[in-house]
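To start, the structure itself, in structure tokens.
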Amino acid sequence: QHYFIQSNLRMSGSVYGGDEVGAVCFDIGSHTVRAGFAGEDAPKANIPTHMLTGDENTKYHIGTNALSFPREKAEVVMPLKDGMVEQWDQCEAMIDYIYGKCLSVDSAEHPVMMSEVAWNKAAIRHKTCEMMFERYNVPAFFLCKNAVLAAFASGRSTALVLDSGAVQTTAIPVHDGYVLQHGIVKSPLAGNFLAAQMREHLKESKIEVVPTYKVGGKEPVKEGETPKWTPRKNIPAVTSSYHNYMVDNVVEDLIQHVLQVHDRPASDEDLEMIPANNFEFPNGLNSMFGAERFKIPEPLFDPIGTNLRILGGDMLAMQQVLSSSISMCDVDVRPSLWSNIILAGGTTLLNGFSERLTAECSAKTTSSMKVKVVTGGNSSDRMFSAWVGASILASLGNFQELWISKQEYEEEGKLIVDRKCP
């Protein structure tokens, strides 16, 4: 349910905008952008971070519907690299779209809480602050680390956040509401890695993924039969980036439907005994997935000896990412980190992920050390955890004095973000 802050918002001694002010919260990830009003329990907008290039009339086509419509020569682009804003015009186009089409509010009337990755660069933080005050004329602004927000979303100020999204998995220790920067550990074993492994499996199985935009119609067929489908007519000449993006969407859907993490390292014989799962591709092809359902995500917990098909970064398993991070933190803090492991990001939603993680972490610690993996109430809690944390924080009465007000920005400039948003 929607509720606004009931008390007056005091900024630099002045009351801002009467009694009721709803802050707008943004959580811009490498896969999706979430935005909505503080005090609500889910974001109003949850749209792909990728967008299509346009022409002089419409520079970018944004949103799920726009992306599903094939356009001639349109490239798929995205504003982030390593979780940080790199293409500012694309970032502004996304924010414009959210204000205009998703939230339908005037940016000048609502304070903005925005998440950021824990390793965000100072220059990007400064530019974000400047953009929100200068371009969007917001009355107040705050930038907060997404790991801190994920911890707040589960009611904790000290936690170890394991965030496994599209690009990478990171362990981020949070103590009393602050990120312990020296304890951040990253691994490239995440969503894009699973997608690469799945594509390799499909190639070996001689399954061609026909993306939705190519299919005009289809008939139901039995498992293993040749699909009966008709191609869509008059498809424009699309770019390879668009075709690959649409194929990736099907692979992602397949991963969500069939992949599962086994509760322990299992032999091929064990896996063959487990019933297979069925998946229908956009062109009607009906396929069964058996042991590979477990083999593809197994490297997340046991990368040694697996034919890894991606490059770069230390191939740390999930439990290694956590234990490495904790070992870099003060001895006094370690017990509270082990007992408050918070999962965030789409990859952690794999069936069996949290149970396997708990087992692997328990095996790495002494019996006296309590290991607790906090999974959240449902899948959307994990998908939106940073956004939910922002929604909670921005609507707390005692948070209101922490905002950077427009007056403070005008007096001190963009560097104020370093002082007020540590």
Side-chain angles (χ1 to χ4, degrees), residues 5 9-18 21-29 33-38 43-45 47 49 51 53-54 56 58-60 62-63 77-117 119-146 149 386-387 390-391 393-394 399-422:
I5 305 158
L9 238 180
R10 298 192 177 278
M11 294 180 184
S12 305
S14 63
V15 175
Y16 164 69
V21 176
V24 169
C25 303
F26 287 92
D27 176 31
I28 302 176
V33 178
R34 295 154 286 265
F37 298 103
K44 270 219 170 359
I47 56 176
T49 311
M51 56 186 79
T53 56
E56 51 276 5
T58 308
K59 199 170 179 191
Y60 297 106
I62 296 167
V77 294
M78 61 115 60
L80 305 189
K81 187 177 180 184
D82 192 23
M84 298 177 283
V85 180
E86 188 178 58
Q87 303 297 333
W88 290 92
D89 64 325
Q90 292 168 21
C91 180
E92 288 173 2
M94 178 69 76
I95 295 172
D96 290 349
Y97 175 86
I98 288 169
Y99 273 126
K101 296 279 195 294
C102 306
L103 304 182
S104 304
V105 294
D106 179 355
S107 60
E109 292 177 1
H110 299 265
V112 164
M113 162 84 75
M114 196 174 268
S115 73
E116 61 171 344
V117 290
W119 51 92
N120 205 6
K121 291 175 179 165
I124 296 172
R125 302 181 87 228
H126 297 158
K127 193 158 182 178
T128 306
C129 179
E130 185 176 49
M131 171 181 75
M132 294 317 294
F133 281 114
E134 301 289 346
R135 181 184 167 90
Y136 294 101
N137 197 25
V138 297
F141 177 67
F142 197 81
L143 202 53
C144 192
K145 307 277 186 280
N146 50 18
L149 295 172
W387 187 88
S391 172
L393 191 60
F399 177 76
Q400 305 316 321
E401 63 212 44
L402 301 179
W403 291 106
I404 301 171
S405 67
K406 189 162 185 69
Q407 186 183 331
E408 287 174 312
Y409 170 77
E410 282 164 358
E411 286 167 5
E412 288 188 47
K414 60 189 176 184
L415 299 185
I416 191 172
V417 77
D418 296 334
R419 179 170 70 79
K420 292 205 75 171
C421 310

Over all atoms of both residues, closest heavy-atom pair of Q87 and M78 | CG-O, 4.2 Å
Would V138 and M114 count as a side-chain contact (heavy atoms from CB on, under 4.5 Å) if you check the C-alpha gap in whole Å, the side-chain angles of each, and the deciding distance to 0.1 Å?
-> CA-CA 12 Å; V138 297; M114 196 174 268; over 6 Å; no
Could you grab the distance from atom SG of C25 to atom NZ of K44, nearest 0.5 Å is fine?
-> 12.0 Å
To the nearest 0.5 angstrom, please state how far the CG atom of D89 sits from the CD atom of E92.
-> 7.0 Å
Which residues share a ring pair (Phe, Tyr, Trp, His ring centres under 6.0 Å) with F26, sequence neighbours left out | Y99
Looking only at atom types and distance, does a side-chain atom of R125 sit under 3.5 Å from a main-chain N or O of E116, one as donor and one as acceptor?
-> no
Got a donor-acceptor contact below 3.5 angstrom from the S391 side chain to the W387 backbone?
-> no
With Y409 via ring pair (Phe, Tyr, Trp, His ring centres under 6.0 Å) - residues at least two apart = F133
Would V85 and L80 satisfy side-chain contact (heavy atoms from CB on, under 4.5 Å), going step by step from the backbone distance to the final call?
-> CA-CA 4 Å; V85 180; L80 305 189; 3.8 Å; yes
Might you work through the side-chain contact (heavy atoms from CB on, under 4.5 Å) test for Y97 and M51, ending with a clear yes or no?
-> CA-CA 11 Å; Y97 175 86; M51 56 186 79; over 6 Å; no
Checking Q400 side chain against A394 main chain: does a donor-acceptor pair fall under 3.5 Å?
-> yes
Any idea which heavy atoms bring G36 and L103 closest together, and the distance?
-> CA-CD2, 3.9 Å
Nearest non-hydrogen partners of V77 and Y60, listed with the distance | CG2-CE2, 4.1 Å
Where the side chain of D82 meets the backbone of M84, is there a donor-acceptor pair that is under 3.5 Å apart?
-> no
Between K145 and N120: side-chain donor-acceptor atoms closer than 3.5 Å | no
Find the distance between CD (E86) and NZ (K121) and round it off to the nearest 0.5 Å.
-> 8.5 Å
Report yes or no: does K420 contribute a side-chain atom to a donor-acceptor pair with the main-chain N or O of W403 at less than 3.5 Å?
-> yes
Return the minimal non-hydrogen interatomic distance between I404 and C421, and the atom names on each side.
-> CD1-SG, 3.7 Å
Can a donor-acceptor pair be found between the side chains of N146 and S115 at a distance below 3.5 Å?
-> no
Take I47 and M94 through the test side-chain contact (heavy atoms from CB on, under 4.5 Å) and record every step on the way to the result.
-> CA-CA 10 Å; I47 56 176; M94 178 69 76; 3.5 Å; yes
